[in-house]
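In what follows, every chain begins at residue 1, and chains take the letters A, B, ... in the order their sequences are listed. Predicted model only: the values in this text are computed from it and were never measured.
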Protein chains: 2
Amino acid sequence: MHSPIVVAHSNVARESSLGVDTHCIACKLYPMCLPRGLPDKELEDFGSHIRRRRILHRGRMLYHAGQSSKSLYTIRSGSIKTFALSSEGDEMVEGFYYPGELLGFEALSSEPHDHFALALETTEYCEIPVSPLNRLMLRSESLRRQLIHIITRRITGDRRQGYIRNRRDARSRVAAYLVDVSLRRSRWRKSLDHFQLSMDRRDIAEYLGLTMETVSRCLTQFQREGLLRVKAKWIRLLNQQALRAVCGSDVWEELHRAVV
Amino acid sequence: MHSPIVVAHSNVARESSLGVDTHCIACKLYPMCLPRGLPDKELEDFGSHIRRRRILHRGRMLYHAGQSSKSLYTIRSGSIKTFALSSEGDEMVEGFYYPGELLGFEALSSEPHDHFALALETTEYCEIPVSPLNRLMLRSESLRRQLIHIITRRITGDRRQGYIRNRRDARSRVAAYLVDVSLRRSRWRKSLDHFQLSMDRRDIAEYLGLTMETVSRCLTQFQREGLLRVKAKWIRLLNQQALRAVCGSDVWEELHRAVV
DNA sequence: CGGTCGCTTGAATACCGTCAATTGTAGTGG
DNA sequence: CCACTACAATTGACGGTATTCAAGCGACCG
């Protein structure tokens with residue numbers, strides 16, 4: 001059901017024996033893809049080290065807290081939730097990851113994972129081991145630049161997420177969340193206004209610092225106001241303009257900049 | 001009204017012709033200092049490019065939103081507040097920076113600053129222009145590693161800050177904030193339990209997603225409970241143990257790990 | 001068909017935000 | 001040095017919003 005890119009390029013393997021191609025094609029779709037813009041020679045090198053097309057089924061962990069980290073991961077399709085566990089056992093949701101996005105940066109500072117990464121649906125990902133990556137960076141100026149560029153953008157992106165999550169009232173947080181999901185989907189050219197959330201209400205709530213019930217109430221209220229239609233995990237945005245107004249036009253701009 | 005950097009930078013040259021020394025000394029105190037662990041040769045090189053001992057007086061801007069960014073900055077003493085402005089004109093506080101901490105990472109991806117950085121008190125900082133930094137990284141494997149290490153740790157650090165700011169109730173947010181300040185001070189061996197906040201109540205409130213009044217009420221309540229004494233900006237923590245319990249012991253551990 | 005799980009809805013409560021008044025503090029000039 | 005001013009912080013009362021607890025609904029699955 002959710003296997004966008006794979007399907008679209010199912011006839012990829014024949015194009016190249018090295019198998020770098022699939023990644024190249026992906027790069028056209030994913031602006032922040034790691035090897036984007038690399039010279040062909042280095043691209044080959046890079047491609048020979050990553051482990052591509054791995055599959056994780058819903059509910060499986062990509063990695064656990066405490067586990068030593070040796071790789072970066074990039075999502076090809078599906079979605080991942082990252083979270084820490086408090087001593088009382090409840091989840092503190094850190095974020096959600098969509099196709100084209102990287103996670104597991106702590107591998108770059110050789111620290112163990114400090115959180116869990118869980119597949120919210122069937123998810124295809126690439127694993128990029130850091131030790132060959134480090135070796136490659138010795139030779140490849142452009143790879144080094146690209147990596148630093150990506151990490152840096154991640155920092156500014158997190159900053160913007162912070163602006164969402166810290167909004168005062170529940171309404172604007174939930175609105176901003178929906179706009180964010182919609183914008184991030186637009187990156188890989190999926191429908192902007194009709195989509196299925198892969199996480200449940202509790203996850204959204206934990207992420208936004210609210211309760212499940214409040215998130216639910218906001219959604220039904222938005223529906224009553226004609227801003228969207230919601231049926232379980234399916235969302236249809238009917239009036240994006242108005243939704244942006246709810247979350248604050250400036251917040252929308254921040255989010256928009258983060259995606260472009 | 002707020003004119004940026006300008007200011008003094010007077011008697012630097014006499015200590016050393018290369019001027020690396022002051023930075024080296026700092027490195028002993030600041031574990032995350034950029035050139036930490038560099039071979040002497042490269043350290044010299046590095047030191048010759050940074051602009052050290054710049055002074056910013058209270059209320060002055062280190063940089064403005066929109067301004068093009070060409071340097072990283074590291075605090076030597078004092079403190080900096082970073083914030084964005086919403087369209088309604090109110091501040092969205094992103095964070096506070098203390099000695100040993102780096103800011104302005106967007107320079108590494110050659111994007112303009114998307115926020116303001118303001119000195120909360122008289123602040124000494126170093127400016128590290130990125131173009132020589134990039135050139136140096138071509139030759140210096142260890143510098144490259146160190147930079148990536150620092151940026152990566154910044155991401156995990158931000159994640160932990162997120163756990164603070166997203167706590168449900170005001171009490172635990174304020175408590176976590178105080179513990180955080182205290183721990184970050186401990187890095188440069190300042191008093192853990194008696195200190196002066198450099199930001200006002202409104203700044204703290206905006207940072208935590210609360211109001212000034214709520215922050216104030218939490219502080220006086222903590223005082224009534226005997227956890228601390230507060231007089232204007234001066235805080236004396238009387239019972240750190242209990243304070244950590246208020247913010248949730250696991251959050252405290254997260255913060256602690258971020259500092260060490 | 002009954003059971004589980006995720007989601008919604010309702011009512012009561014607790015908490016935080018708002019507004020307004022007061023006190024306190026720092027900075028300025030007499 | 002003190003008085004004055006401007007601004008920061010505190011405090012109180014009130015109303016609104018989110019949480020809590022509990023019940024009800026509906027989809028999915030055995």
(request) Take atom CG of A:Asp169 and atom C1' of D:dG15, then tell me their distance rounded to the nearest Å. (result) 16 Å
(message) Output the rounded distance in Å from CD (B:Gln223) to C1' (D:dT11).
(response) 14 Å
(request) Report yes if a side-chain nitrogen or oxygen of A:Thr211 is closer than 4.0 Å to either non-bridging phosphate oxygen (OP1 or OP2) of D:dT19; otherwise report no. (result) yes
(request) Could you tell me whether A:Glu121 and A:Lys233 make a salt bridge, using a distance below 4.0 angstrom between a side-chain N and a carboxylate O? (result) no
(message) Please report the distance, rounded to the nearest Å, between CZ in B:Arg224 and C1' in D:dG12.
(response) 12 Å
(request) Tell me what A:Leu219 touches on the nucleic acid: a base, only sugar-phosphate, or nothing, going by heavy atoms under 4.0 Å. (result) nothing
(request) Could you check how far CZ of B:Arg58 sits from P of D:dC7, rounded to whole Å? (result) 13 Å
(request) Could you state the atom-to-atom distance from CZ of A:Arg202 to P of D:dT20 in whole Å? (result) 11 Å
(message) Between P on C:dG17 and CE on B:Met212, what's the gap in Å once rounded to a whole number?
(response) 11 Å
(message) Please tell me whether B:Asp180 and B:Gln161 have a donor and an acceptor in their side chains that are separated by less than 3.5 angstrom.
(response) yes
(message) Base, sugar-phosphate or nothing for A:Thr220? Non-hydrogen atoms, less than 4.0 Å.
(response) sugar-phosphate
(message) For B:Glu213 and A:Lys231, find the nucleotide of DNA chain C closest to each by heavy atoms; which residue's nucleotide sits nearer the 5' end?
(response) A:Lys231
(message) Let's see if you can work this out: which of C:dT18, C:dC7, D:dA18 has an atom nearest to the side-chain heavy atoms of A:Lys233?
(response) C:dC7
(message) Determine whether A:Tyr73 and A:Tyr97 satisfy the following criterion, ring pair (Phe, Tyr, Trp, His ring centres under 6.0 Å), listing intermediate values before the conclusion.
(response) CA-CA 10 Å; A:Tyr73 302 92; A:Tyr97 294 83; over 10 Å; no
(request) Tell me whether the OP1 or OP2 atom of C:dG17 has a side-chain N or O from B:Thr214 closer than 4.0 Å. (result) yes
(message) Does a side-chain N or O of A:Ser216 approach OP1 or OP2 of C:dT8 to a distance below 4.0 Å, or not?
(response) yes
(message) Is a donor from one side chain sitting under 3.5 angstrom from an acceptor on the other, for B:Ser71 and B:Glu127?
(response) yes
(message) From C-beta outward on B:Val230, which listed nucleotide comes closest to its side chain: D:dT10, C:dC16, D:dA18?
(response) D:dT10
(message) Counting neighbours of CD on A:Gln241 that are heavy atoms of other residues, nucleotides or ligands and sit closer than 6.0 Å, is the number greater than 12?
(response) no
(message) So, under a plain 3.5 Å distance rule, would you say the side chain of B:Arg217 forms a donor-acceptor pair with the base of C:dT18?
(response) yes
(request) In whole angstrom, give the distance that lies between atom CD1 of B:Ile235 and atom C1' of D:dA9. (result) 12 Å
(request) Write down the distance between CZ (B:Arg167) and P (C:dC15), rounded to a whole number of angstrom. (result) 16 Å
